Amino acid sequence: MNRSAYIKRQLLSEVMKYAFSGELKEQVDRIPVSLFPREQASYRCCIYKDRAMVRQRILAILGFSHEQDDEIQPLSHFAGLALERKKVPGDSLTLMPELCSGCDGGKYKVSDLCRRCVARSCSQACPRNAVSFEGDRARIDQESCIKCGKCAQACAYHAVSYQPVPCEENCPVDAIARDEAGVRYIDKNKCIHCGRCVTGCPFGAPLDVSHAVDVVQGLLRGRKMAALLAPAVLAQFPEDPARLRGALLEAGFAAVYDVGQGAAQVAGMEAREGMERIEQGEDGALFSSCCPAWVLAQEKYLPNLEKQLSHTPSPMALTSARLKELEPELQTVFIGPCFAKKEEARSLETVDAVLSFEELGALLMARNIQLEDCPAVGYSPLPGWEAAQPLHWSFAKSDGLSENLLFAAGQDARVETVAGLDRKQMKKLSMADRFYSKKDFVEVMACTEGCIGGPGCLVPPEKAIKNFGFK
Amino acid sequence: MKNIKIEICMGTACYVLGAGELLDIGEQLPAHLADRVTVEGCSCKEWCQQRNLKAPFALVDGTLEGELTLEKLTGLIKEKLL
C-alpha cells in the first residue's frame, strides 16, 4: 500500500477519533507532531515540511479547500468552523500547495546514464536539432523540442526518458493548471471530479475534501441517519456486506440501504428509454447517466451528445429521492467509491453527505468496530420498493449495467461498454458518430473496471475482482 | 529445515492500513521459501493499542511486527528462514 495512502488513512482515523470523543479542537494540532515526531526520518526536506504537508492534509479532511487556508491559523480554528457548519463543504477536490512538489516534467530529459558517447545518436535522431553537448552530458533545448521521443529511442544507454507530470497525465480533460512557481491547481471550470489526479500524484497533493466531520457530528447529535451503500461495497472489506451493515448500525446509523436496488431500477428505466428512442427512430446510441464524472464530461466537453445522454436519474439520485419522500427528516449519507458523487450531491436536495469507502474504513477504525463482532444484517428493500427489482452487485463493475440492459431490452440490443475515461477515450467519444453509431446503448464509466476502480476504494480493482468473483 | 507461521491481523485498523495485501505474500516469495511459510489471518488482538508501534501487525514466527509492508515482511521472512 503506498505510503501516501497510508498517511491519508491514518489521518482520517485520527481526526474522526477525536471528532467522536469531542476533543477535536483540543487535539487536532497535535496530530502532525505526534505522527511526525522530530526524530523520525522525513519524507520531504525536513520534518517541518512533513508537518506542513500533514496540516494541509488535515485541512482537506476537515472539509476545506486550499483557497480557504490561512497559514497563521492553527488547525483548531478550522476544526471549530467544521464542527459548527450547517452544510457539507462545496468542493469535492482540492490541490494543496504544500504537498505539491511543482513537477518540472512533461519533458524529455537526459539522465546521468548518459556517457557522452561518440556516436551521439540522440542528436542524429532529433528532427529539430534540439540536442547539444555542452557540459558532462547531452542537453535537450526544451524550446525546440517537439517531444517526438526519437532521441530516447536512439540512445543505447537508455539515458533519455520522458518525465511525466502525473496529475496532468492522469487528467482526461486537461483540468490541471499551474502558477508561476510550478505549483499546480485544479481548474474548477474544467474538472469532472473523476479523482484520477488524486490517485495518480505520488506526493498526494490533490485531495478529496471530506464530509467526515459533518457525518460524525450528525451521529453525535442523534440525527436520524441512513447509510446508502454503493454496490462496489461488496469487495471492500474481508467480511460479508451483512456484517458491514451491522457495523454501520453499531456506529450509530439508524438504517442501511443498498443503492444496488436503485441501480436495478435504473437499468430497467434506461432500457425502456433506449427502446423508445429506437421506436421513435432517433439517431445514435443512448449513453448511460449513472456515472457523474461522465455526465460532467459530456456537459462540458461533448455537447454533441446532449440529446443522447439518458434522462434517467442515477441510482444514488433515485434511491435517496425515494427515501426522502418517505421520510423528509432522514439524513442520507451515500457511501461509495466515488468523489464525483460529492459534486452530484450538491445539485441534489436528497443527499446530505457523501463518504468514500476509505472514510468508512477510517470511521470504523476510529470507533474500534470489528466487523466480525457485528451482527449480520440482511439486505432489506427500500420501503415501498419491496416488490421492485432486488439489489444487484453487478453494477459495481463495468459491463454490469450493460448486462442488465441486455436482459431488460433483449439480447438483440447492441450494447457497448466504455470502462475508463482517459484522454484517448475522450477523443473517441468526441467522434461518437464514428465509433458508436451502430450501438443502441453505451455504458460509460469514468473509472477503469467501473466503480470498483473508483478513487475512494479500500482495495485495488484487481483484488476486488479476484476476491469476489466479478467476471 | 525450519518452517514458520505468519498470523496477520485482519482487524479493522490493520485491514484499512494494508493488511489485505499482506495475505498474498506467498505469491511474492520465491517457491523454495513460500513452501516453508504458512500465512493466516487472525482477529484483532488490540496490538494497535500500543503507542510505539503502528498497524498493520502480524506475528512472524512468534514475534510481533508492526507497520508491515510486503517489502518489510519479505525481508523478515528471509531473515528467519535463511
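Computed from a predicted structure; not experimentally measured. Scope of the values below: all heavy atoms of this structure, side chains included, with no hydrogens, waters or symmetry mates. Letters go in sequence order (proteins before strands), and every chain restarts at 1.
- The two residues L17(B) and Q10(A) have their closest heavy-atom pair at CD2-N, 4.0 Å.
- Between K466(A) and E27(B) there is a salt bridge, since a side-chain N of the basic residue sits under 4.0 Å from a carboxylate O of the acidic one.
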Test side chain to side chain contact (heavy atoms under 4.5 Å, CB included) applied to M1(A) and L70(B), step by step: CA-CA 8 Å; M1(A) 130 155 294; L70(B) 281 165; over 6 Å; no

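- For Q49(B), the part sitting under 4.5 Å from any heavy atom of chain A is the side chain, from C-beta outward, and nothing else.
- The neighbour count for K5(B) NZ, taken as heavy atoms of other residues, nucleotides or ligands under 6.0 Å away, does not exceed 12.
- With a 4.5 Å cut-off on side-chain heavy atoms, D24(B) and K463(A) count as touching.
- The structure places SG of C48(B) at 8.0 Å from CE of M365(A), a figure rounded to the nearest 0.5 Å.
- Heavy-atom distances place no part of L12(A) under 4.5 Å from chain B, backbone and side chain included.
- For Q40(A), the CD atom is densely surrounded, since the number of other residues' heavy atoms within 6.0 Å is greater than 12.
- The two residues K54(B) and L35(A) have their closest heavy-atom pair at NZ-O, 4.1 Å.
- Nearest heavy-atom pair across L364(A) and T12(B) is CB-CG2, 3.7 Å.
- The side-chain heavy atoms of V459(A) and Y15(B), taken from C-beta on, include a pair separated by under 4.5 Å.
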Quiz: residues 225-240 of chain A side-chain donor-acceptor pairs under 3.5 angstrom, not counting sequence neighbours:
unit_1: Q236(A); atom_1: OE1; unit_2: L458(A); atom_2: N; d: 2.7
unit_1: Q236(A); atom_1: NE2; unit_2: A232(A); atom_2: O; d: 3.2
unit_1: D240(A); atom_1: OD1; unit_2: A242(A); atom_2: N; d: 2.9

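- Contact of N368(A) with chain B is made through the side chain alone, with heavy-atom distances under 4.5 Å.
- Interface remark: of the candidates G18(B), A13(B), G11(B), P56(B), A13(B) forms the most heavy-atom pairs closer than 4.5 Å to chain A.
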Applying side chain to side chain contact (heavy atoms under 4.5 Å, CB included), run through R3(A) and T69(B) and close with a yes or a no. CA-CA 10 Å; R3(A) 295 290 98 193; T69(B) 56; 3.2 Å; yes

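- The shortest distance between side-chain heavy atoms of S43(B) and Q370(A) does not fall below 4.5 Å.
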